[in-house]
Amino acid sequence: MVNANTGSFELEDVSVAYGNEIAVAGVSMTVPPQAVTALIGPSGCGKSTLLRCLNRMNDEIGGVTVGGTIRLDGDDIYAKRVDSVELRIRVGQVFQKPNPFPMSVYDNIAYGPRTHGVRNRAELDAIVEHSLTRAALWGEAKSFLKKHAFELSGGQQQRLCIARALATEPEVLLMDEPASALDPISTQQIEDTIAELKDSVTIVIVTHNMQQAARISDRTAFMLRETMEAPAALIEVGDTRTMFTNPSDPRTEAYITGRFG
Amino acid sequence: MSIGSLIDSRDRSGRAAIRRTAEAVASGLIHASGWAAILILAAIASFLLLNASRALGEVGLLTMLTGDSWYPTSDNEQFGFVPMMAGTAWVTIVALLTAVPLGVASAVYISEFATGRVKEISKSIIEFMAAIPSVVYGLLGIALLVPAVKDILGLDTGLTAFTAGVVVGIMVLPTIVSISEDALHAVPDALRQGSAALGNTRWQTVLKVVLPAASSGIFAATMLGMGRAIGETMVVLMLAGNAGIIPGDPFVSVRTMPGTIAAEMGEVVRGGLHYSILFATGLVLFAVTFAINLAADLVLERQRKRWGR
Amino acid sequence: MSRVKRARMMESLAKGIMGIATLIVVGIALFLLGYLAYRGAPSVTWEFLSQAPRKAMTEGGIHPVIMGTVYLVLGTAAFALPIGIMAGIYLSEFAPRNLWTRLIRLAITNMAGVPSIVYGLFGFALFVMSMRLGVSLIAGALTLACLTLPVVITVTEEALRRIPRELRQASMALGATRIRTVRKVVLPAAAPGIVTGSILGLSRAAGETAPVLFTAVAFFAPMPSSPLDQTMALPYHLYIMATQAVRPAPHVVWGTAFVLVAGVSIINIIAATWRSAQRKKIKW
């Protein structure tokens, strides 16, 4: 169950290489627990690549090597004895495009718990209700739990995916541009959900919408790939308000004032 | 709290261990099945070789491939493959002459000119032809084509290489149409638009741009059709007449390699020389079709790489 | 005549010729099917489908022959589906991009091109002789399974590849293993394509004669009571009836041909319709 003060990441000199090509280099930062950390930067700057290091989803792509150290609550998640399956129970992910499974709303949310051995119907019912409530979908969804997930609207599907990720009670939720495929109203709902959630779960969100980062995040990290040859790097990380009002790096200032990106 | 101890406590039961074992077994089976194709292909080659070894030893491959008479059951038995290789060649030539012009023209029409329902319907009807069993083609040939060939051409018998070739040609039509059409379809539309923008008509575009670009695929379609024609058994068994002569033209009864195996396998002494000879025939058939299919596959592979699909 | 006009004329001419070629091909197909129906359909009665042959195949029905083919196809499915589907899963979900995988693919495409009579020889040598199964239902089913395997593998792999990658990622991000992801998410989503494609492959096996010629069939045999019995089968029955010097009544021959083609077609059409209905329901 959720334990206060867990779900913090420390990244130390993290680099990612695809084959021989280094995509991201030298990222050191901390992700504080129970807060929203936004990764911003122009497209191709390695935000999503870095995000996928945090639940080791990069493992699933052949030929990716991750260097440096990433610690979750003090433990190196790339240590040999760590099973990526166990890690992903603690670190959930929501993807760019809503990707519900082709099954009922209920089965979508029960998928994670069932995968990890929950069989009891009453327990599953409780998890489904709790997860949907946290994702602000229970009010609408309780009447169509048995419906096929594809019958939901795009915004509802994405909140279903959030609920699905919450069902394993993760300490951290990674979100890769979760609202980029949605209309403004659905985006608003997702942002509200994130604001609700951050008291109970650490959120790391990738976005290239700076207004969104400013609205919802407590901490912001700005990444940039300065030339096509150089790997992407972390330019600046800090308190969101400070970053947006008084950035310390001229490149950050140039980006957030819209001079490029 | 270390990550090792962080597996959800709900999953700490014995069931998890059972499930992990089951998954390991499933994973093992899946990996093993991946090899099934290579295993079976190797088994086919080795069993043919094993059973043909007596023939290869006693008669010799060269003698078989160059021998011009096939008297497998006479006292002075002779096992020359030339009559049946020539028969198979005539059937294949007639089949390709029937199928390639018709098939490629249809593929061009369906891919480049036909639209909407016409395209859809003709595609599914031609695809449907592939579902008709070869023995039914043989029956239809006996009923419709054999008497026609006999009467129109004034032959002693309608059971000829020509008759079998035409029917085999009809049988391989769907293969040739669908693979040629795939090849034409794979040509990027940008090329067509580029040609049209230069003031070419649709036909000029097809002739100057699309067909050359798809030529390797159409060639592969022809090769695959040829492989199927060489290996087709029932139609030639029923329609080619099975006479053991070396044919000079396709309008006589011929014996083919697949037809010979099918007709004689039931009557030979198991383990005898004739039996072994039939396996040697199968081995030659296997080697020839394998080489043809391999070549076609390499051509198609190159085409796929070229268009990046 | 202007160049443009000439080009336009050439175009009409070429289009006409190719249109006629297509018409010929389609016409041949329709004529053959029509002829088959004309000769065969009238003899298909309930009696024809449900009774055993009488009076040297001149009267009665072809029930045991139909059942023989049904048993052969079921046996083929029992061997070809598990191995073929697992091999398809391997290629789509597990196979590394290396030389071995390329060789496996090459083997599969080449297996599809091996002549059916060669499968017959192979089946005889391996299943009938070496494995001592004799000329039997099971030896024929195993032989047909080898022939059907490449179809099953190919359709499985293609159906699995149609499933978006995002679904696999979502499942793995929830901590599911690769195997569980396949079993719970990918395979159910791909099932319509796999089932339909496999049925098409199996229906082709139903019409094959050469592979069962020396592995399974007899012209006249009682209904098989065990997998080790010989069996009758529609294609072989048809072959013998069509080529024997003393021919049975023509209505039996054409009725048998019609039953074979109609059976194969009906199954194909049902399978294809079901698949397209499923695909309309789920759009990625």
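In what follows, every chain begins at residue 1, and chains take the letters A, B, ... in the order their sequences are listed.
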Residues forming a side-chain contact (heavy atoms from CB on, under 4.5 Å) with B:Val146, sequence neighbours excluded
B:Leu159, B:Thr163, B:Leu239

Counting only heavy atoms closer than 4.5 Å, note whether C:Ile83 contacts chain B via side chain, backbone, both or neither.
both

Between C:Leu126 and chain B, which part of the residue has a heavy atom less than 4.5 Å away: side chain, backbone, both or neither?
both

Part of B:Ile230 within contact of chain C (heavy atom distance under 4.5 Å):
neither

Here the gap from B:Arg20 atom CZ to C:Thr177 atom OG1, rounded to the nearest 0.5 Å, amounts to 9.0 Å

Begin from the C-alpha positions of B:Met265 and C:Leu213 and carry the test side chain to side chain contact (heavy atoms under 4.5 Å, CB included) through to its verdict.
CA-CA 9 Å; B:Met265 190 66 190; C:Leu213 213 48; over 6 Å; no

Applying a strict 4.5 Å limit to non-hydrogen atoms, the region of C:Val26 in contact with chain B is both

When rounded to the nearest 0.5 angstrom, what is the spacing between CG in C:Leu238 and CG in B:Leu139?
5.0 Å

Please tell me if the side chains of B:Pro133 and C:Val261 come closer than 4.5 Å, counting only heavy atoms from C-beta onward.
yes

Option that, when pairs with chain B are counted at under 4.5 Å, heavy atom only, ranks first among C:Val114, C:Ile269, C:Val4, C:Leu91
C:Val114

Heavy-atom pairs under 4.5 Å with chain B are the metric here; pick the option from C:Met129, C:Glu93, C:Arg39 that has the most.
C:Met129

For B:Leu144, is it the side chain, the backbone, both, or neither that has a heavy atom closer than 4.5 Å to a heavy atom of chain C?
side chain

What part of B:Ile132 gets closer than 4.5 Å to chain C, counting heavy atoms only: side chain, backbone, both or neither?
side chain

Against chain C, label B:Leu102 side chain, backbone, both or neither, depending on which of its atoms sit under 4.5 Å from a heavy atom there.
both

Checking heavy atoms, do the side chain of B:Gln204, its backbone, both or neither come under 4.5 Å from chain C?
side chain

Which atoms of B:Leu298 approach chain C - backbone, side chain, both or neither, heavy atom under 4.5 Å
side chain

Applying a strict 4.5 Å limit to non-hydrogen atoms, the region of B:Glu232 in contact with chain C is neither

Quick one: of B:Arg270, B:Met257, B:Arg202, who has the most non-hydrogen atom pairs under 4.5 Å with chain C?
B:Arg270

Residue part contacting chain C, namely of B:Thr233, when any heavy atom lies under 4.5 Å:
side chain

Could you check whether any side-chain heavy atom of C:Leu121 comes within less than 4.5 Å of a side-chain heavy atom of B:Ile44, counting everything from C-beta outward?
no

Flag the one option from B:Val118, B:Asn200, B:Leu50, B:Ile170 with the top tally of heavy-atom pairs under 4.5 Å to chain C.
B:Ile170

Checking heavy atoms, do the side chain of B:Arg228, its backbone, both or neither come under 4.5 Å from chain C?
neither

Most contacts with chain C, counted as non-hydrogen pairs under 4.5 angstrom, among B:Leu300, B:Leu237, B:Val104, B:Leu224
B:Leu237

Heavy-atom distance under 4.5 Å to chain C: side chain of B:Leu173, backbone, both or neither?
side chain

Minimal non-hydrogen separation, C:Pro235 against B:Val135, with atom names:
O-CG2, 3.5 Å

Looking at chain B, which one of C:Trp100, C:Tyr236, C:Tyr90, C:Phe94 has the largest number of heavy-atom pairs inside 4.5 Å, strictly under?
C:Tyr90

Among B:Gly231, B:Gly34, B:Ala131, which residue has the highest count of heavy-atom pairs closer than 4.5 Å to chain C?
B:Gly34

Considering non-hydrogen atoms only, spot the tightest contact between C:Thr22 and B:Ala105 and give its length.
OG1-O, 4.4 Å

Quick one: of C:Val264, C:Leu33, C:Ile153, who has the most non-hydrogen atom pairs under 4.5 Å with chain B?
C:Leu33

Contact check, side chains of C:Ile117 and B:Leu285, non-hydrogen atoms, under 4.5 Å:
yes

Atom pair CD/NZ of B:Glu112 and C:Lys15 - distance to nearest 0.5 Å:
12.0 Å

Evaluate side chain to side chain contact (heavy atoms under 4.5 Å, CB included) for B:Tyr137 paired with C:Leu32, printing each intermediate quantity in order.
CA-CA 9 Å; B:Tyr137 278 107; C:Leu32 292 182; 3.9 Å; yes

Where does C:Ser203 contact chain B at under 4.5 Å (heavy atoms): side chain, backbone, both or neither?
neither

So which of C:Ala257, C:Gly120, C:Ala7 has the biggest tally of heavy-atom pairs under 4.5 Å with chain B?
C:Ala7

I need the B:Met234 CE to C:Glu208 CD distance, nearest 0.5 Å.
9.5 Å

Kindly check if the number of other-residue, nucleotide or ligand heavy atoms within 6.0 Å of NZ (B:Lys119) is above 12?
yes

Calculate, to the nearest 0.5 Å, the distance between atoms CG and CD1 belonging to C:Asn110 and B:Ile292 respectively.
11.0 Å

Selection from C:Arg178, C:Arg180, C:Arg204, C:Arg105 maximising heavy-atom pairs under 4.5 Å formed with chain B
C:Arg180

With the side chain counted from C-beta on, respond yes when B:Ile30 and C:Ile179 share a heavy-atom pair under 4.5 Å apart, and no when they do not.
yes

Enumerate by number any residue of residues 142-151 of chain C whose heavy atoms lie under 4.5 Å from heavy atoms of chain B; in the absence of such residues, state 'none'.
C:Cys146, C:Leu149

Does C:Tyr35 OH have over 12 foreign heavy atoms under 6.0 Å away?
yes

Decide yes or no for C:Phe124 and B:Phe47: does some side-chain heavy atom of the first lie under 4.5 Å from some side-chain heavy atom of the second?
no

B:Ala43 versus chain C, heavy atoms under 4.5 Å apart: side chain, backbone, both or neither?
both

Heavy-atom contact with chain B under 4.5 Å, split by part of C:Ser12
neither

At a 4.5 Å cut-off on heavy atoms, which part of C:Phe31 comes close to chain B: side chain, backbone, both, or neither?
side chain

Within the structure provided, determine whether C:Thr243 and B:Ile142 are in side-chain contact (heavy-atom separation under 4.5 Å).
yes

Under 4.5 Å between any side-chain heavy atoms of B:Ile261 and C:Phe214, yes or no?
yes

What heavy-atom pair brings C:Ala87 and B:Ser33 nearest, and what distance separates the two atoms?
CB-O, 3.3 Å

B:Thr289 versus chain C, the contacting section by heavy-atom distance below 4.5 Å
side chain

Can you give me the closest heavy-atom contact between C:Tyr239 and B:Met238, atom names plus distance?
CD1-CG, 3.7 Å

Nearest heavy-atom pair of C:Ile108 and B:Ala37: which atoms, and what distance?
CG1-CB, 3.4 Å

Show the nearest heavy-atom pair for residues B:Ser106 and C:Val25, with the distance to one decimal.
OG-CG2, 3.3 Å

Could you give the distance from CD (C:Glu11) to CG (B:Leu207), rounded to the nearest 0.5 Å?
11.0 Å

Does any part of the side chain of C:Leu13, heavy atoms only, come nearer than 4.5 Å to the side chain of B:Trp203, both counted from C-beta?
no

